[in-house]
Amino acid sequence: VQLQASGGGLVQPGGSLRLSCAASGNIASINGMAWYRQAPGKQREEVAAIMRGGSTNYVDSVKGRFTISRDIAKGTVYLQMNSLRPDDTAVYYCTVDTLSYGDPPVAARYWGQGTQVTVSS
């Protein structure tokens with residue numbers, strides 16, 4: 001399974017970006033999908049997650065500003081980021097929890113390569 005993330009970049013405070021992450025490969029089904037971020041000198045944190053049934057979770061610092069969504073048919077997860085702040089600057093990583101084809105099927109979490117988001121004037 002491979003994940004291809006895109007959409008990062010440099011944006012001014014108050015601006016918006018939309019991250020995308022497409023999964024491909026031996027995927028029979030997708031369970032959870034999520035975005036993490038890691039800022040310099042800080043631990044990686046989960047920013048947003050969307051569960052198999054569609055429920056979502058957000059870290060408090062992004063509630064009301066970020067929205068996670070998905071297109072199951074395309075195996076893609078998105079993160080719409082609005083009202084960006086300098087403290088949102090980080091490398092953002094997507095994760096996908098999958099179940100493979102095969103007997104027995106294998107459950108695994110895969111990570112994307114990371115995309116840099118920089119919020120600065």
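All heavy atoms count here, side chains included; hydrogens, waters and symmetry mates do not.
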Next item on the list: Give the cluster check for V47 versus Y36: same hydrophobic cluster or not, with ILVMFWY residues linked at side-chain heavy-atom distances below 4.5 Å.
Entry: no
Notebook entry, point to check: With hydrophobic residues grouped by side-chain heavy-atom distances under 4.5 Å, do V91 and M33 end up in a single group?
Noted result: no
Next item on the list: Measure the spacing between CD1 of I68 and SG of C94 and express it to the nearest 0.5 Å.
Entry: 9.5 Å
Check: Can you tell me if S100 uses its side chain to pair, donor with acceptor, with the backbone of V106 under 3.5 Å?
Finding: yes
Item checked: Donor-acceptor side-chain pairing of T118 and Q116 below 3.5 angstrom -> yes
Next item on the list: Compute the ring centroids of W35 and F66, then answer whether they are less than 6.0 Å apart.
Entry: no
Check: What is the distance from atom CD1 of I30 to atom CG of D97, rounded to the nearest 0.5 Å?
Finding: 9.5 Å
Next item on the list: Look up atom CD in Q113 and atom CD in Q2, then write down how far apart they are to the nearest 0.5 Å.
Entry: 10.0 Å
Next item on the list: Begin with the C-alpha distance, continue with both residues' side-chain angles, and end with the deciding distance and a verdict on side-chain contact (heavy atoms from CB on, under 4.5 Å) for D71 and Y78.
Entry: CA-CA 8 Å; D71 184 332; Y78 306 96; 4.2 Å; yes
Check: What closest approach, in Å, do A48 and L79 show between heavy atoms, and which atom pair accounts for it?
Finding: CB-CD1, 4.1 Å
Notebook entry, point to check: Is V119 linked to V62 within one hydrophobic cluster, defined over Ile, Leu, Val, Met, Phe, Trp and Tyr using a side-chain heavy-atom separation of less than 4.5 Å?
Noted result: yes
Check: Taking the six-membered ring of Y93, is NZ or CZ of R44 closer than 6.0 Å to its centre and within 45° of its axis?
Finding: yes
Checklist line | Shortest non-hydrogen contact between E46 and A34, atoms and distance | finding: OE1-CB, 4.4 Å
Margin query: Using every non-hydrogen atom in the two residues, find where V1 and N26 come nearest and quote the distance to one decimal.
Written below: CG2-O, 3.8 Å
Using a 3.5 Å cut-off and no angle test, enumerate the donor-acceptor pairs between side-chain atoms of residues 10-23 and protein atoms at least two apart in sequence or in another chain.
unit_1	atom_1	unit_2	atom_2	d
S16	OG	N82	OD1	2.9

Next item on the list: Can you measure from OH (Y110) to OG1 (T95) and round to the nearest 0.5 angstrom?
Entry: 12.5 Å
Next item on the list: Might you point out which heavy atoms bring G53 and R70 nearest each other, and give the distance in Å?
Entry: C-NH2, 3.9 Å
Check: Between S29 and R52, what is the shortest heavy-atom contact and its length?
Finding: CB-NH1, 3.8 Å
Next item on the list: Show the numbers, then the answer: is there a side-chain contact (heavy atoms from CB on, under 4.5 Å) between R37 and K42?
Entry: CA-CA 10 Å; R37 68 185 178 186; K42 294 187 177 181; over 6 Å; no
Next item on the list: Indicate yes or no: at least one non-hydrogen side-chain atom of V59 is less than 4.5 angstrom from one of E45.
Entry: yes
Note to self: A side-chain contact here means heavy atoms from C-beta on lying under 4.5 Å apart; do V96 and L3 qualify?
What the structure shows: yes
Margin query: Looking at every heavy atom in both T67 and Y58, which two are closest together, and how far apart are they?
Written below: CA-OH, 3.4 Å
Check: According to a 4.5 Å side-chain heavy-atom criterion applied to Ile, Leu, Val, Met, Phe, Trp and Tyr, with indirect links allowed, do I50 and M81 form part of one hydrophobic cluster?
Finding: yes
